[in-house]
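So the structure is just underneath, and the comments pick up after that.
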Amino acid sequence: MKLLIFGAGGFIGSNLAEHLIEQGEHEVVGLDVTADKLAGIEGPNFKFVKGNIADADLANKLVADCDVVVDLIAYANPSIYVEKPLDVVHLNFFENMKILEYCLSHQKRLVQYSTSEVYGKRTRDESYSDDHSDLVMGPVQKQRWIYASSKQLLERIIYAHGVQGDLDYSIIRPFNFVGPRFDYLVPAGSKGGPRVFSHFLSALLTGGPIQLVDGGDKHRCFTHIKDACEAFSAILENPAGHNEIFNVGNPDTNTTMRGLAKMMQSIYGELTGTHPDNELIDIDGEDFYGKGYEDMDRVPPDVTKLMALGWKPTRDLDTIFREAIQYYLDRPDLTAAIR
Ligand code: NAD
Ligand code: UGA
């Protein structure tokens, strides 16, 4: 098969490209505006095209020339949902709709990366089920939800095409993937910016404060990027992966952000032979991200449906963060900028 990855230069894209190159079973073409995270990721079955998805001629031509389109293009950091909500709708909905249109006109299978945020706020004491959970979001004034709204509508349109019978699709809902090449590091005490792993690691590298948003009592379940890439393959290759929606997450890694901060301090200490003593400070969510921020208390995935395809997550919480921290410790070129 010939796979086309839109957003191949990002965190998931670069790891997925690496995974597919190692497997060697498919031809892979990746498009992105940047190739920084693809440095050293190469193979006879991989070709990178530098370009913008807004270049309709290029995008359309690439879709016409592949078998499966993997769409990873989006703004995916909560700080951007609050700071630039219209940019989020423009990229995550309207530009993604064009990718859907190219797939429809060329009759190509679409693997669409959505988000666990499409479940909104958790209203019942149960895990999020791919096909059964209801949706409650915060008010319009809480702009954080513009990301989930954009992804929700995109999912609904893709699903409707599936029902209509003119689209072969799979929707993947990622639950906090972490691993090498995740986001970017920031100077001590920065607000907004990247996702939580990068903030906590930046604090460990600089000795700056670890900021716990709204007290650090929110929970997340983290997923090793390798488990996530294996999930992609299971969905791609299995006949039951067609025209279905899948949670991709690890239900056994639940932690509070305060617990995560302490665990990362301990792992970092072991890996560097130091005793990190960063101050843990509480910070209000709107102070950290900006007005319009709201948060999910818990995001627990039900992965029964995906496990029925033969997949199961095998990397625990310690392994997820140990390997992601080690990746950065091995790259002084990345850490030097903030030290
Ligand atoms: P990322 O920001 O690392 O990757 C997105 C990539 O898209 C970037 O490399 C960026 O340069 C590229 N891009 C953006 N605009 C572009 C344009 N106009 N033309 C070409 N390329 C463009 O994000 P990620 O973490 O790899 O997430 C990928 C997808 O998965 C997104 O759709 C995101 O919403 C979804 N997702 C990720 C996670 C996670 O745990 N990482 C969780 C939930 C959902
Ligand atoms: C993110 C993004 O919205 C999406 O990429 C994706 O849909 C979702 O993860 C997911 O993986 O499913 P979120 O989990 O809120 O959402 O992202 P983080 O920025 O990693 O925040 C996790 C938690 O850490 C939040 O409670 C946040 O407030 C907290 N946080 C963040 C801190 O306590 N301190 C920080 O320095 C940064």
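For ligands, and for the atoms within them, numbers begin at 1 and follow the listed sequence. Note that the structure is a prediction, hence the values are computed from the model and not measured.
Residue F200 has no nitrogen or oxygen atom sitting less than 3.5 Å from a nitrogen or oxygen atom of ligand 2, judged on distance alone. The N/O atoms of V196, backbone and side chain alike, include one that comes under 3.5 Å of an N/O atom in ligand 2. On a distance-only criterion, A76 and ligand 2 share at least one N/O pair closer than 3.5 Å. Here's the thing with K218: none of its N/O atoms is less than 3.5 angstrom from an N/O atom of ligand 2.
Note on ligand 2: R144 sits in its first shell, one or more heavy atoms being nearer than 4.0 Å. Taking 4.0 Å as the cut-off, F197 does not count as a neighbour of ligand 2 on heavy-atom distance. Ligand 2 lies within reach of P174, whose nearest heavy atom is under 4.0 Å from it.
Judged as a ring pair (Phe, Tyr, Trp, His ring centres under 6.0 Å), the pairs with a partner in residues 137-160 (not counting sequence neighbours) are, in order, Y81-Y147. Applying the ring pair (Phe, Tyr, Trp, His ring centres under 6.0 Å) rule to pairs touching residues 168-193 yields F11-F182, sequence neighbours excluded.
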List, for ligand 1, each N/O atom that has a protein N/O partner under 3.5 Å away, with both atom names and the distance.
| unit_1 | atom_1 | unit_2 | atom_2 | d |
| --- | --- | --- | --- | --- |
| ligand 1 | 3 (O) | F11 | N | 2.8 |
| ligand 1 | 9 (O) | G10 | N | 3.0 |
| ligand 1 | 9 (O) | D32 | OD1 | 3.4 |
| ligand 1 | 9 (O) | D32 | OD2 | 2.7 |
| ligand 1 | 11 (O) | D32 | OD1 | 2.7 |
| ligand 1 | 18 (N) | N52 | OD1 | 2.8 |
| ligand 1 | 19 (N) | N52 | OD1 | 3.4 |
| ligand 1 | 19 (N) | I53 | N | 2.9 |
| ligand 1 | 25 (O) | R195 | NH1 | 3.3 |
| ligand 1 | 25 (O) | R195 | NH2 | 2.8 |
| ligand 1 | 26 (O) | F11 | N | 3.4 |
| ligand 1 | 26 (O) | I12 | N | 2.8 |
| ligand 1 | 32 (O) | L72 | O | 3.4 |
| ligand 1 | 32 (O) | K151 | NZ | 2.7 |
| ligand 1 | 34 (O) | Y147 | OH | 2.7 |
| ligand 1 | 34 (O) | K151 | NZ | 2.9 |
| ligand 1 | 40 (O) | F177 | N | 2.8 |
| ligand 1 | 41 (N) | R195 | NH1 | 3.1 |

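A donor-acceptor contact shorter than 3.5 Å links the side chain of D32 to the backbone of T34. The backbone N or O of P180 sits less than 3.5 Å from a side-chain atom of N15, completing a donor-acceptor pair. Judged by distance alone, with hydrogens and angles left aside, the side-chain atoms of D130 form no donor-acceptor pair with the main-chain N or O of K305 at under 3.5 Å.
Evaluation of the ring-ring contact (aromatic ring centres under 6.0 Å, His included) rule for Y102 yields no partner, not counting sequence neighbours.
Cluster annotation: V111 and I99 are assigned to distinct hydrophobic clusters (Ile/Leu/Val/Met/Phe/Trp/Tyr, side-chain heavy-atom contacts under 4.5 Å, transitive).
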Stepwise side chain to side chain donor-acceptor pair (under 3.5 Å) test for Y328 and D330
CA-CA 5 Å; Y328 274 99; D330 291 340; over 6 Å; no
